[in-house]
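Chain A is the first sequence line, chain B the second, and so forth, proteins listed ahead of strands; every chain is numbered from 1. Values in this document were obtained by computation on a predicted structure and should not be read as measured data.
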Amino acid sequence: MTYQLECSIKDNKIRLREMEDFNLLQTIECGQCFRWNREVNGSYTIQAFTKAINVSQENNEIVITNSSLSEFEEIWIKYFDIQRDYGEIKKILAENDPIMGKAISFGEGIRLLNQDEWETLVSFLISQNSNIPRIKGTIKSLCENFGDSFTALGNQMFFTFPTPLEIASCDDSQMDVCKLGYRKSYISETAKAIANDHGKRLYNLKNENYEAALKYLIELPGVGPKVANCTMLFSMEKYESFPIDVWVKRVMGRLYGLDEKDLKGIEQFAAEKFGKYGGFAQQYLFYYIRENKLI
DNA sequence: TTCCAGGTAGCCG
DNA sequence: CGGCTACATGGA
């Protein structure tokens, strides 16, 4: 897991050579994040926190455009989970598990991103009973209507993800343009709850244990076990999270022979089999079955 | 047209 | 508890 870092100040680029276990396409398109654009040259323009960057990959070399060295160290190392040894995780998961072995070799370059807690929570609130292309559109609309604009990467205009206060302080009818459907009240009510203590508790969940974080999250309106586990996995480093959605039910039924309707059974099986690596396992399996449409 | 999509809340037995 | 079902909306 060694890599070489090279920073070019004059064109504001960061270059990482000899990156292992990193595939940009898989990491961005595996369904954990939604504010990205695939450019015609194959690079990705990605928005996270209040920044916009462009990232490209050629073999084991990653180039990040529009990042200083300090910003890379403060934000992007953590965001892309660059310092974690995925080779070790994959080895442990694939041991004595040929099914997982297949899933891992299909998505061998997936990394779990460390995203903003609030954005992740709202994104997965929106995700319920929807699909990835539509989730992306809804989130984009939310940003354009309630976020703040800025320019980056030449003269391109971007919008930040609206803060809890920005959503809490608009009235419900204003949000109709975003076509949130029945999720609208979930978003506005949750925004009010979070804004009420200025996000203090939400942004502290990272430091609390899994059970405490889960308990707090599922008490928010519209947040159940699936949304809570996605939020914890993609923004709070709770890697024992094992979000169970329709695709994971399918994979556990088709590939592991479990009863798809028995949520508790799947949960228990995953906890015993994958333990503290549950989140990694889930993401390999999710990507594997969704991309191969093994229905 | 009908069905489904990274679910959850409310209700009923 | 466990098992339904409504919920907005758009795309196949």
Return the value, rounded to whole Å, for the distance between atom [atom1] of [X] and atom [atom2] of [N].
X       : N      : atom1 : atom2 : value
I139(A) : dT9(C) : CD1   : P     : 17 Å
K184(A) : dA8(C) : NZ    : P     : 9 Å
R183(A) : dA9(B) : CZ    : P     : 13 Å
I132(A) : dG7(B) : CD1   : P     : 10 Å
D172(A) : dA8(C) : CG    : C1'   : 14 Å
K179(A) : dA5(B) : NZ    : P     : 23 Å
M252(A) : dG6(B) : CE    : P     : 19 Å
L121(A) : dT8(B) : CG    : P     : 11 Å

Using the [atom1] atom as the point on both nucleotides, what is the distance between [M] and [N], in whole Å?
N      : M       : atom1 : value
dC4(C) : dG6(B)  : P     : 23 Å
dC3(B) : dT5(C)  : P     : 14 Å
dT8(B) : dG10(C) : P     : 22 Å

Flag the pair [X] and [Y] as a salt bridge only when some basic side-chain nitrogen lies within less than 4.0 angstrom of an acidic carboxylate oxygen.
X       : Y       : value
D197(A) : K200(A) : no
R290(A) : E29(A)  : no
K91(A)  : E95(A)  : no

**OP:** Please tell me which of Y186(A) and Q283(A) maps to the more 5' nucleotide of DNA chain B, matching each residue to the nucleotide holding its nearest heavy atom.
**Re:** Q283(A)
Original post:
5'-most contact on DNA chain B: V223(A) or F234(A), nearest heavy atom basis?
Top reply: F234(A)
**OP:** Apply side-chain hydrogen bond (donor to acceptor under 3.5 Å, both in side chains) to Y79(A) and D116(A), showing your working.
**Re:** CA-CA 9 Å; Y79(A) 179 77; D116(A) 174 77; over 6 Å; no
Nucleotide of [options] approaching [X] most closely (side-chain heavy atoms):
X       : options                : answer
P243(A) : dC7(C), dG6(B), dA9(B) : dG6(B)
R134(A) : dT9(C), dC7(C), dT8(B) : dT9(C)
D245(A) : dA8(C), dT8(B), dG6(B) : dG6(B)
Q128(A) : dA5(B), dG6(B), dT8(B) : dT8(B)

Subject >> F124(A)-dG6(B) aromatic stacking (under 5.5 Å, under 30°) >> reply: no
**OP:** Check whether any side-chain N or O of R250(A) sits under 4.0 Å from OP1 or OP2 of dA5(B), and answer yes or no.
**Re:** yes
Would you indicate what [X] reaches in the nucleic acid, counting non-hydrogen atoms under 4.0 angstrom: base, sugar-phosphate, or nothing?
X       : result
P133(A) : nothing
C30(A)  : base
G31(A)  : base
Y287(A) : nothing

Original post:
For W118(A) and A191(A), which heavy atoms make the closest approach, and how far apart are they?
Top reply: CH2-CA, 3.5 Å
Subject >> Main-chain N/O of D81(A) paired to R111(A) side chain as donor or acceptor, under 3.5 Å >> reply: yes
**OP:** Return yes if the base of dG7(B) and the side-chain atoms of Y182(A) contain a donor-acceptor N/O pair under 3.5 Å, otherwise no.
**Re:** yes
